[in-house]
Amino acid sequence: LGTGNNVGTTSFVEVMPLSGKNIVAISCGTFHSMALDDTGKLYATGSNWSGALGMGDTSYRYGFTEVTPLSGKNIVAVDCGYYYSFALDDTGKVYAAGTNWSGRLGMPGSVHYEFTEITDLADKNIVSVSCGYYQTFLLDNTGKAYSTGSNWAGQLGLGNNLYKSE
């Protein structure tokens with residue numbers, strides 16, 4: 001919950017570690033959450049065994065903590081999926097962290113413990129991201145959609161159910 005401990009609740013409580021910050025976006029993954037403030041700083045909390053917090057380690061965070069590997073970048077969007085996360089900066093660059101099951105990060109490697117730029121997208125100006133269970137969608141500033149990951153049920157929208165990671 002990002003409240004600074006690991007005690008659950010059945011009613012909404014204020015997240016005090018975010019107090020004093022102007023949060024403009026928030027996203028929940030399986031066992032992790034991320035919050036974005038109006039200065040472009042990204043904060044993460046929760047399970048990190050898979051590297052989904054993008055901190056460069058596997059330590060859990062029980063309160064929202066700044067994602068320092070993205071310090072100095074003006075993050076404008078974030079989304080969390082099933083043990084992975086994506087962040088976009090104001091120049092259209094895309095960063096991913098966590099497990100790469102079924103190619104859903106859109107880059108080589110099985111796990112990325114730290115947010116890593118997806119350099120194959122360097123010529124695209126990505127403005128939106130949506131993370132699913134085993135698939136990810138991106139949208140560029142011209143309205144073109146891109147998908148990657150598992151396609152066993154046709155969830156990549158490619159007109160088939162073939163695996164595709166590009």
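The first residue in the sequence is number 1, and the count goes up from there.
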How long is the span from the [atom1] atom in [X] to the [atom2] atom in [Y], to the nearest 0.5 Å?
{"X": "I26", "Y": "M34", "atom1": "CD1", "atom2": "CE", "value": "11.0 Å"}
{"X": "T65", "Y": "M55", "atom1": "OG1", "atom2": "CE", "value": "5.0 Å"}
{"X": "I126", "Y": "L138", "atom1": "CD1", "atom2": "CG", "value": "5.0 Å"}
{"X": "K41", "Y": "I23", "atom1": "NZ", "atom2": "CD1", "value": "11.0 Å"}

Tell me the closest heavy-atom pair linking [X] and [Y], and the distance in Å.
{"X": "G157", "Y": "F137", "value": "N-CZ, 4.5 Å"}
{"X": "A96", "Y": "L105", "value": "CB-CD2, 3.8 Å"}
{"X": "N100", "Y": "P108", "value": "ND2-C, 4.1 Å"}
{"X": "V67", "Y": "A44", "value": "CG2-CB, 3.8 Å"}
{"X": "L158", "Y": "S147", "value": "CD2-OG, 4.0 Å"}
{"X": "L53", "Y": "T45", "value": "CD2-O, 3.6 Å"}

Side-chain touch [X]/[Y], heavy atoms, less than 4.5 angstrom:
{"X": "T30", "Y": "S47", "value": "no"}
{"X": "Y43", "Y": "K21", "value": "yes"}
{"X": "P17", "Y": "Y62", "value": "no"}

With clusters built from Ile, Leu, Val, Met, Phe, Trp and Tyr whose side-chain heavy atoms come within less than 4.5 Å, directly or transitively, what are the remaining members of the cluster of F12, listed by chain and number?
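Besides F12, the cluster holds no residue at all.
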Hphob cluster co-occupancy, V129 + L139, side-chain heavy atoms under 4.5 angstrom:
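No; L139 is not reachable from V129 via cluster members.
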Applying salt bridge (Lys or Arg N to Asp or Glu O under 4.0 Å), name anything that partners D57, two or more places apart in sequence or on another chain.
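Salt bridge (Lys or Arg N to Asp or Glu O under 4.0 Å) check on D57 returns R61.
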Please enumerate all residues that pass side-chain hydrogen bond (donor to acceptor under 3.5 Å, both in side chains) together with T58, with sequence neighbours excluded.
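Scan of T58 (side-chain hydrogen bond (donor to acceptor under 3.5 Å, both in side chains), adjacent residues dropped) gives none.
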Going by the rule side-chain hydrogen bond (donor to acceptor under 3.5 Å, both in side chains), which residues pair with T99 if we only count those two or more places apart in sequence or in a different chain?
R104
Show your working on side-chain contact (heavy atoms from CB on, under 4.5 Å) between K124 and K144 and close with a plain yes or no.
CA-CA 10 Å; K124 314 279 189 261; K144 290 182 183 173; over 6 Å; no
Using distance only, find each side-chain donor-acceptor pair of residues 76-94 under 3.5 Å and give its atom names and separation, not counting sequence neighbours.
from: D79; atom 1: OD1; to: S27; atom 2: OG; distance (Å): 2.9
from: D79; atom 1: OD2; to: C131; atom 2: N; distance (Å): 2.6
from: Y82; atom 1: OH; to: Y133; atom 2: OH; distance (Å): 3.4
from: Y84; atom 1: OH; to: G132; atom 2: N; distance (Å): 3.1
from: Y84; atom 1: OH; to: G132; atom 2: O; distance (Å): 3.3
from: Y84; atom 1: OH; to: Q135; atom 2: O; distance (Å): 2.7
from: Y84; atom 1: OH; to: T136; atom 2: OG1; distance (Å): 3.0
from: S85; atom 1: OG; to: H32; atom 2: NE2; distance (Å): 2.9
from: S85; atom 1: OG; to: A52; atom 2: O; distance (Å): 2.8
from: D89; atom 1: OD1; to: T91; atom 2: N; distance (Å): 2.9
from: D89; atom 1: OD1; to: T91; atom 2: OG1; distance (Å): 2.7
from: D89; atom 1: OD1; to: G92; atom 2: N; distance (Å): 3.2
from: D89; atom 1: OD1; to: K93; atom 2: N; distance (Å): 2.9
from: D89; atom 1: OD2; to: T91; atom 2: OG1; distance (Å): 3.4
from: D89; atom 1: OD2; to: Y95; atom 2: OH; distance (Å): 2.9
from: D90; atom 1: OD2; to: N74; atom 2: ND2; distance (Å): 3.1

Report, one line per pair, each donor and acceptor closer than 3.5 Å where one atom sits in a side chain of residues 113-121; sequence neighbours left out.
from: T116; atom 1: OG1; to: E114; atom 2: O; distance (Å): 2.9

